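Below is one structure, written out as structure tokens; comments come after it.
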Amino acid sequence: MSHQPFGLPIAAAALALILNPATAATVTFETVPLPPSGYWNGSDGSGGITINGYTFGNSFNPTWGNWSGFAISNHFDSSTAGWTNQYSAYPGTGAGGSANYAVGYYSSSTSLNFGALTNLAGAGASFTNTTYAALDMLHGGDFGSKKFGGATGNDADWFLLTISGFASGAATGTSVDFYLADFRFADNASDYIVTDWRNVDFTPLGTVDELRFSLTSSDVGTWGMNTPGYFAMDNLSVVPEPSVLLISLSGIGLLARRKR
């Protein structure tokens, strides 16, 4: 089970990002005004937040006070373990030393919907672990999750973020894998938990109108994944594919074409 505070997890919500192609730009999250708490988690009931044409979906449960989808944060506590520190990126800053970044909480389905076919050549984003997930994998956690590698360090544990491409609701068969932790190496000295920001290239995803994020782990229990289902993301850059715009004026036959 992906741990979320205050009662039962809320229903799976699309961690949706809707892109307006006319205003596409790199999202650094620096323009988001955060409350004194240092994070936005959808408690305002808005269902999402829009930055530079990207809408980051969120679902907040006022009964339990928990959320899924995207939150925006400037927390940088790299030492406190547990869900009370769920809004901190482990590296201590955002990507490139920035203040703000996004936190994704995966609950069954995590998607970014672009609303128009987009060629992802040259696109990408920076990813890292949250402190909650990183320390949980490093030491084990309060909800039955294990220390990665086990007592001997030889257990072949892993924590994987998969980004899959979709077009018109159908899987394109393209995906990108990014291991947030990998202990499968023959030499234990090569085992790692990601503690810095690393860029992930979206180019292999091709032309899509939606990305779906999923998290999987080698540490699975009766109720599902034991590893906390969180990741941090920053500097999202997606450049939409130029489209052809046809305008027909009756009796004139005017054709306006936007450069492809």
Side-chain angles (χ1 to χ4, degrees), residues 1-16 39 41-43 47 56-71 73 75 77 80-90 102-112 127-164 166 171 175-184 191-195 211-233:
M1 177 183 294
S2 297
H3 311 309
Q4 181 76 189
F6 305 117
L8 298 174
I10 61 179
L15 198 136
Y39 61 83
N41 67 357
S43 61
F56 295 79
N58 172 283
S59 181
F60 184 85
N61 187 323
T63 300
W64 295 106
N66 58 3
W67 60 280
S68 67
F70 281 115
S73 176
H75 282 206
D77 179 348
T80 302
W83 61 260
T84 59
N85 193 23
Q86 64 178 312
Y87 299 106
S88 288
Y90 189 84
V103 175
Y105 173 62
Y106 169 71
S107 180
S108 177
S109 175
T110 302
S111 68
L112 312 181
F127 295 90
T128 192
N129 275 301
T130 63
T131 300
Y132 180 17
L135 294 184
D136 193 276
M137 292 183 285
L138 186 63
H139 303 295
D142 295 333
F143 296 94
S145 51
K146 64 174 293 188
K147 173 184 177 180
F148 270 32
T152 65
N154 294 327
D155 291 359
D157 290 309
W158 48 268
F159 184 39
L160 174 65
L161 172 66
T162 299
I163 307 165
S164 302
F166 282 71
S175 63
V176 173
D177 286 341
F178 176 64
Y179 281 88
L180 289 161
D182 195 348
F183 281 62
R184 299 173 299 161
D191 296 342
Y192 67 87
I193 297 171
V194 173
T195 57
L211 303 183
R212 296 187 187 180
F213 291 59
S214 60
L215 288 167
T216 49
S217 172
S218 57
D219 185 11
V220 178
T222 303
W223 304 105
M225 186 171 69
N226 289 327
T227 308
Y230 294 78
F231 62 90
M233 179 177 71

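As the structure is a computational prediction, the values presented were derived from the model and not from experiment.
A pairwise comparison of heavy atoms in T80 and T131 identifies O-CG2, 3.7 Å as the closest pair. The two residues Y87 and N41 make their nearest non-hydrogen contact at OH-ND2, 2.9 Å. Residues F148 and S218 come closest through the heavy atom pair CZ-OG, 4.5 Å. Nearest heavy-atom pair, F159 versus S217, reported as atom, atom and distance to 0.1 Å: CD1-CB, 4.0 Å. Heavy-atom minimum distance, R184 versus A156: CG-O, 3.8 Å. The two residues A89 and T128 have their closest heavy-atom pair at CB-CG2, 4.4 Å.
Judged by distance alone, the side chain of N85 and the main-chain N or O of D77 form a donor-acceptor pair under 3.5 Å. Using a distance-only test at 3.5 Å, with no hydrogens or angles considered, no donor-acceptor pair links the side chain of S175 to the main chain of S164. When atom types are taken as modelled, the side chain of D155 and the backbone of D157 share no donor-acceptor pair closer than 3.5 angstrom.
Using a 4.5 Å cut-off on side-chain heavy atoms (C-beta onward), Y106 and P228 make no contact. The shortest distance between side-chain heavy atoms of Y132 and M137 does not fall below 4.5 Å. Considering only heavy atoms from C-beta on, I163 stays 4.5 Å or farther from R212 through its side chain. Between F183 and W158, every side-chain heavy-atom pair lies at or beyond the 4.5 Å cut-off. F213 has its side chain within reach of F231: a pair of non-hydrogen atoms, C-beta onward, lies under 4.5 Å apart. Counting heavy atoms from C-beta outward, L135 and Y90 have side chains that approach closer than 4.5 Å. Looking at heavy atoms from C-beta onward, Y39 lies out of side-chain contact with Q86 at the 4.5 angstrom threshold. I193 has its side chain within reach of L138: a pair of non-hydrogen atoms, C-beta onward, lies under 4.5 Å apart.
Under 3.5 Å, the side chains of Y105 and N66 contain no donor-acceptor pair of N or O atoms. Judged by distance alone, the side chains of T162 and D177 do bring a donor and an acceptor atom under 3.5 Å apart.
S145 pairs in a side-chain hydrogen bond (donor to acceptor under 3.5 Å, both in side chains) with only one of the listed residues (D136, D219, T227), which is D136.
From L180, atom CG reaches atom CG of L160 across 8.0 Å, with rounding to the nearest 0.5 Å. Atom CG in L161 sits 5.5 Å away from atom CG in L215 (nearest 0.5 Å).
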| message | Before you tell me yes or no, could you show the steps for W67 and N61 under side chain to side chain contact (heavy atoms under 4.5 Å, CB included), namely the whole-Å CA-CA distance, both residues' side-chain angles and the distance that decides it to 0.1 Å? | response | CA-CA 6 Å; W67 60 280; N61 187 323; over 6 Å; no
